[in-house]
K.L.:
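The structure is given below, and queries will be raised subsequently.
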Amino acid sequence: MESSENVLSCTCRIETVDRSGALLKTQTLTKAELIIGRNQFQDVVLKVSYPEGKQGPYTIKDYKIHKRFVQEGKATISLQTQQIHLMVSNCPTELLKVFLKCLLLKLTARGALQGSRQHLSGDVSTEFETISPLNMRDLEQAKQNVGGEHNKENNVSLTPKRTLPLSKSLKRKLCELKVEPNSSKDPTAPPLAKKPLLLKTSCSSLSEDQLQVINVIKNGDSVFITGSAGTGKSYLLQRIIGMLPPDTTYCTASTGAAACIIGGTTLHSFAGINTDAAPLKQCVSMAMREHKAVHWKRCKVLLIDEISMVDGEFFDKLEAVARAVRKSKKPFGGIQLVLCGDFLQLPPVCKDGKKRLFCFQAESWRKCVNRTIELNDVYRQKDREFIAILQNIRIGRCPPAITKLLKNTENQLIEKGGIRATKLYTHTNEVESTNQTELNALAGEGRRFDATDNQPNCMQQLNALCLVPHTLVLKIGAQVMLAKNIDVSRSLVNGARGIVTSFTDQGFPVVQFTTGLKETIGFEKWTFHTGGGYALSRKQLPLKLAWAMSIHKSQGMTLDCVEISLGGVFETGQAYVALSRAKSLKTLRVKGFDPSRVQANKDVLEYYRNIRRIKRATHCGPV
Ligand SMILES: Nc1ncnc2c1ncn2[C@@H]1O[C@H](COP(=O)(O)OP(=O)(O)OP(=O)(O)O)[C@@H](O)[C@H]1O
Ligand SMILES: [Mg+2]
């Protein structure tokens with residue numbers, strides 16, 4: 001997980017092609033480093049270094065960067081003059097994105113210099129010096145060049161379209177960036193132009209607690225990340241996934257809906273075990289099937305979100321399966337675990353009157369989890385009063401003052417612009433029938449949108465994983481919810497509520513959101529890392545019908561505008577999960593609130609008291 005913006009650890013395949021594009025030679029280097037540097041002419045060059053030697057440096061001119069599969073940790077840099085393709089794979093996605101941004105910025109900045117030290121076209125670059133970290137001067141030069149100026153004197157076109165294939169968003173970001181005046185009074189401080197510039201990664205915004213988790217994981221420890229709803233556990237998990245090599249990192253969650261939020265697969269699907277109830281021997285033989293065993297053996301880090309819903313007995317079985325398949329005596333067969341969840345939210349589904357066993361009560365839990373870190377800052381809600389209400393509900397407390405505040409929301413008008421509140425139900429059958437009945441009641445023809453799945457024979461698996469259905473039918477007036485973060489800066493985020501107001505000439509729905517924003521919604525792609533570098537993907541509109549939703553499916557989500565009836569609550573933690581989806585008291589309506597429905601499990605409360613006691617006693621933060 002070590003990172004430097006100019007060096008990328010990866011698998012690198014170097015393909016040499018002829019003029020027609022036919023393959024002449026190929027070389028695959030599994031433990032390679034791609035390094036950005038400069039040659040003696042100050043050109044930006046790339047060197048591929050690997051344990052047995054090096055290739056390059058390759059001058060980056062007349063190039064194309066293919067970034068379509070960046071989310072899968074893959075990219076290709078095609079050098080057209082040299083007729084070479086550098087195909088990188090197994091890159092941690094975050095690090096790959098930063099590396100490519102750095103390369104593009106250096107190339108864009110280089111545009112202005114090009115020609116100032118022109119060399120004859122026959123000159124071959126032989127020298128290599130690692131490029132300096134990005135600095136303000138690079139950024140300023142890149143911004144100038146993005147303006148599309150021509151360096152006519154040197155007969156070099158700097159028009160971005162021809163020489164600098166920058167993404168629209170990078171161009172926009174470059175143009176928006178302002179340079180702060182150098183206010184430093186320190187005469188020894190580097191001049192502004194030389195000041196190192198940190199490329200913003202998604203880790204830049206992490207809290208101290210969240211960064212601490214990253215360090216623990218870097219150390220190789222298995223960790224349990226916990227904390228109340230909205231403390232950024234899943235957000236952090238996504239950042240962690242982006243920092244680990246995709247080939248050996250498996251990202252899972254206890255339910256399909258939770259897996260969709262983090263772009264992973266279900267724990268059962270990873271394990272190859274379709275039922276918790278199977279005896280251990282059967283679980284081992286299911287996991288030993290060739291196409292499943294390969295993943296078990298390859299896995300170095302296993303992430304599991306919403307661990308509270310994983311049955312403790314099943315966790316013990318998985319631990320034993322891991323040792324058996326990997327032929328290792330180490331806990332969980334030596335796999336590093338990153339577990340995430342809140343045991344005060346939904347518990348494991350309990351069948352046939354069996355005693356409920358949480359994962360932390362599993363025999364193998366203590367052996368497998370070296371550190372527990374509790375995140376304390378709530379991000380989902382801003383309103384202190386509502387956060388305090390939720391903290392009480394979480395531990396099963398509902399004093400009269402809180403009951404009153406929640407009852408006061410019963411007749412609250414939270415609808416605006418025709419957007420109705422999403423009803424959260426305890427049972428799924430109510431959800432489907434409500435959505436279908438409401439859609440049927442709307443006048444007009446329904447418009448049908450069919451998803452494109454990368455593996456059509458995996459449609460069922462994708463249906464279980466993806467928040468959007470294979471077939472979506474919409475009408476004008478349909479209540480919808482975004483099922484993907486499209487543009488966080490404009491609040492077009494997962495869970496944002498809206499109504500379809502029209503369809504464009506091309507047939508795309510126009511949605512009016514609670515924020516007042518009207519947006520045409522186009523197709524989006526979901527990628528699910530099924531592990532081992534494999535991925536399933538679906539292209540569909542990022543919308544789902546939102547008259548109703550189940551509390552189970554809502555776990556992990558942030559929702560605009562919700563109505564909750566807690567009459568049917570049958571689980572501890574269920575009322576807390578439902579209430580904590582709302583962003584504020586003003587966007588929530590609780591029908592027929594009964595404080596006796598607010599319950600927390602006693603064993604879980606004791607578990608959390610204990611981890612805090614240990615934390616206080618050791619004074620060292622994580623326990
Ligand atoms: N460091 C952060 N900076 C900014 N926003 C954050 C940060 N961490 C989390 N968030 C935002 O807070 C919201 C809640 O985060 P997230 O869904 O990860 O919480 P959670 O702990 O997984 O909640 P739950 O227990 O309900 O699943 C999200 O909108 C997320 O984008
Ligand atoms: Mg979550």
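As the structure lists them, so they are numbered: ligands from 1, and atoms in each ligand from 1.
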K.L.:
Is E313 paired with R356 through a side-chain N to carboxylate O contact shorter than 4.0 Å?
P.N.:
no
K.L.:
Can you name the atoms of ligand 1, numbered from 1 with element, that are less than 4.0 Å from a heavy atom of S205?
P.N.:
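In order of numbering, the contacting atoms are 1 (N), 2 (C), 3 (N).
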K.L.:
Need the ligand 1 atom indices (1-based, order shown) with element for anything under 4.0 Å from a heavy-atom of Q345.
P.N.:
25 (O)
K.L.:
Just to check, does T231 reach to within less than 4.0 Å of ligand 1 when the distance is taken from its heavy atoms?
P.N.:
yes
K.L.:
Does Q555 come within less than 4.0 angstrom of ligand 1, counting non-hydrogen atoms of the residue?
P.N.:
no
K.L.:
Can you check whether H552 and Y425 have ring centres sitting under 6.0 Å from each other?
P.N.:
no
K.L.:
Would you mind checking which non-hydrogen protein atom is closest to atom 12 (O) of ligand 1, with the distance to 0.1 Å?
P.N.:
Y379 CB, 3.1 Å
K.L.:
Tell me which protein heavy atom sits closest to atom 29 (O) of ligand 1, plus the residue, atom name and distance to 0.1 Å.
P.N.:
T558 OG1, 4.2 Å
K.L.:
Is the shortest distance from a heavy atom of Q238 to ligand 1 less than 4.0 Å?
P.N.:
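It does not, in that no heavy atom of Q238 comes within the 4.0 Å cut-off of ligand 1.
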K.L.:
Here's a test for you: under side-chain contact (heavy atoms from CB on, under 4.5 Å), which of N370, V223, T372, I225 qualifies with V216?
P.N.:
V223
K.L.:
Answer yes if the ring centres of F343 and Y607 are under 6.0 angstrom apart, and no otherwise.
P.N.:
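Ring centroids of F343 and Y607 are less than 6.0 Å from each other.
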K.L.:
What atoms in ligand 1 come closer than 4.0 Å to a heavy atom of R581?
P.N.:
26 (O)
K.L.:
Are any side-chain N or O atoms of Y576 and backbone N or O atoms of A229, one a donor and one an acceptor, separated by less than 3.5 Å?
P.N.:
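A pair under 3.5 Å: yes.
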K.L.:
Taking only heavy atoms of E306, which atoms of ligand 1 are found under 4.0 Å from at least one of them?
P.N.:
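Listed by number with element: 27 (O).
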